[in-house]
Number of protein chains: 2
Amino acid sequence: MTSSIDTSRVLDRNIGIGELARRAGCQPETVRYYERIGLLQNASRTEGGQRRYDERAVRRLAFIRHARDFGFSVEAVRELLKMADHPQMPCHEVDAIAKHHLEEVELRLQRLSALRDELRRMVSQCAGGKVESCRIIEVLGDHRLCQHEAEHGGAGDLR
Amino acid sequence: MTSSIDTSRVLDRNIGIGELARRAGCQPETVRYYERIGLLQNASRTEGGQRRYDERAVRRLAFIRHARDFGFSVEAVRELLKMADHPQMPCHEVDAIAKHHLEEVELRLQRLSALRDELRRMVSQCAGGKVESCRIIEVLGDHRLCQHEAEHGGAGDLR
DNA sequence: GCTTGAAGCTGTAGTTGCTACAGGGTTTAT
DNA sequence: ATAAACCCTGTAGCAACTACAGCTTCAAGC
């Protein structure tokens with residue numbers, strides 16, 4: 001929170017990339033990266049060429065970081081920003097992006113919990129003897145030992 | 001010479017990279033990649049320089065793919081293979097790798113389900129009006145609107 | 001005004017685990 | 001002999017940063 005007495009005018013254009021990054025919870029490199037890929041517009045510069053930011057930039061970067069933390073892809077964030085920049089637009093697109101993302105998250109959750117079950121089973125069945133008779137190695141070596149069969153060709157991106 | 005009686009000997013060394021890949025559920029490029037990074041040993045070659053595999057290679061590749069599908073990193077797979085190659089070793093290391101992986105999966109599950117809840121909340125609260133009053137944009141713009149507070153600096157890798 | 005240490009600059013390369021070419025050569029069946 | 005299918009190497013690309021190297025600038029203290 002900007003507990004400001006005045007400072008606003010002085011500080012406003014006086015935020016360096018380090019402080020900006022710290023306040024939004026990322027690295028300066030990430031900020032420069034976002035600028036390079038166009039999520040942040042080119043910052044104003046000092047005479048010496050260093051970037052200087054204001055509070056608006058802090059909010060924008062925080063928005064980006066927050067959306068990224070929510071797992072939105074950079075491209076989705078780009079869309080969301082575009083919409084956030086145009087408050088008069090109807091928001092069904094925002095909604096669509098979020099819903100689509102929600103679906104993907106739910107899918108990943110399903111896969112991941114199936115994976116967890118299988119791992120638990122593997123781990124619990126390992127008697128702790130020799131590799132020869134290790135249940136984990138066995139299961140990994142023989143797909144038929146898996147409990148759930150679906151998508152046998154590969155679990156896809158189950159990160 | 002190639003009398004059809006013992007196909008096993010003839011066929012055994014006669015698996016091309018395409019068939020190998022198909023049987024293990026991946027692409028030829030992936031096989032070459034695994035060879036390059038040392039997960040698969042250098043294949044024997046025909047006079048013309050094409051790779052030829054046997055059944056053992058099929059099993060090894062299937063093991064790798066299966067472990068990867070389980071979300072084990074390539075480095076973890078490398079360890080697991082080393083151990084699978086030495087059946088007389090005690091298997092507690094295998095167990096440790098699997099347990100460690102299980103923990104990570106469970107952590108990801110927790111984060112992901114928190115994320116799902118938040119997304120559901122966001123989506124359900126969006127009234128479908130203008131972006132101006134869009135709950136989703138609001139939540140993304142203001143971290144304090146999140147329900148769960150933990151790890152406020154960023155959710156880390158919550159894919 | 002000068003010095004010093006922290007912070008910032010650009011550009012490039014690395015990360016993970018593949019995938020996708022381009023531009024050739026080989027195998028196999030007919 | 002020829003055509004189709006397969007395979008080769010090497011390089012570049014993907015996402016989303018991160019990590020340098022080798023330099024310059026800024027801000028604060030004296």
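Only a predicted model underlies this, so the values are computations on that prediction, with no experimental measurement involved. Just so we're on the same page: letters track the sequence lines, and every chain starts at 1.
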Rounded to whole Å, the CD1-P distance (I17(B) to dT26(C)) equals 16 Å
Using atom OH of Y53(B) as one end and atom P of dC6(D) as the other, report the distance to the nearest whole Å.
16 Å
Among residues at least two apart in sequence or on other chains, which ones pass side-chain hydrogen bond (donor to acceptor under 3.5 Å, both in side chains) with R22(B)?
none
Identify each atom pair where a protein N or O and an N or O of nucleotides 28-30 of chain C are less than 3.5 Å apart, giving names and distance.
none

Q88(B): which residues meet the side-chain hydrogen bond (donor to acceptor under 3.5 Å, both in side chains) condition with it, sequence neighbours left out?
E132(A)
Can you tell whether the side chains of E103(A) and R116(B) come within less than 4.0 Å, N to carboxylate O?
no
Check: protein-nucleotides 12-19 of chain D nitrogen or oxygen pairs below 3.5 Å:
unit_1	atom_1	unit_2	atom_2	d
dA16(D)	OP2	V74(A)	N	3.4
dA16(D)	O3'	R68(A)	NH2	3.2
dC17(D)	OP1	R65(A)	NH1	3.1
dC17(D)	OP2	Y34(A)	OH	3.0
dC17(D)	OP2	R68(A)	NE	2.5
dC17(D)	OP2	R68(A)	NH2	3.3
dT18(D)	OP2	T30(A)	OG1	2.9

Sorted by chain and residue number, the ring-ring contact (aromatic ring centres under 6.0 Å, His included) partners of F72(A) (sequence neighbours excluded) come out as H101(A)
Listed by chain and number, what are the side-chain hydrogen bond (donor to acceptor under 3.5 Å, both in side chains) partners of R32(B), not counting sequence neighbours?
none
Under the side-chain hydrogen bond (donor to acceptor under 3.5 Å, both in side chains) rule, collect the residues that match up with N42(A), sequence neighbours excluded.
none
Contact class for R51(B) (heavy atom, under 4.0 Å): base, sugar-phosphate, or nothing?
sugar-phosphate
Identify, between Q50(B) and R45(A), the residue whose nearest nucleotide on DNA chain C lies closer to the 5' end.
R45(A)
What is the distance, rounded to the nearest whole Å, between atom CD of E19(A) and atom P of dA6(C)?
18 Å
Enumerate the ring pair (Phe, Tyr, Trp, His ring centres under 6.0 Å) contacts for residues 31-50 of chain A, please, sequence neighbours excluded, ordered by first and then second residue.
none
Determine yes or no for a side-chain-to-main-chain donor-acceptor pair under 3.5 angstrom, with H66(A) supplying the side chain and L140(B) the backbone.
yes
Is the shortest side-chain N/O distance from T46(A) to OP1 or OP2 of dT25(D) below 4.0 Å?
no
Integer-rounded Å distance: dG8(C) P and I15(A) CD1:
12 Å
So, using side-chain contact (heavy atoms from CB on, under 4.5 Å) as the criterion, who are the partners of A62(A) when residues are at least two apart?
none
Using a cut-off of strictly less than 4.0 Å, decide whether R32(B) has a side-chain nitrogen or oxygen near OP1 or OP2 of dC8(D).
yes
Please give, in whole Å, the distance from dA6(C) P to R22(A) CZ?
17 Å
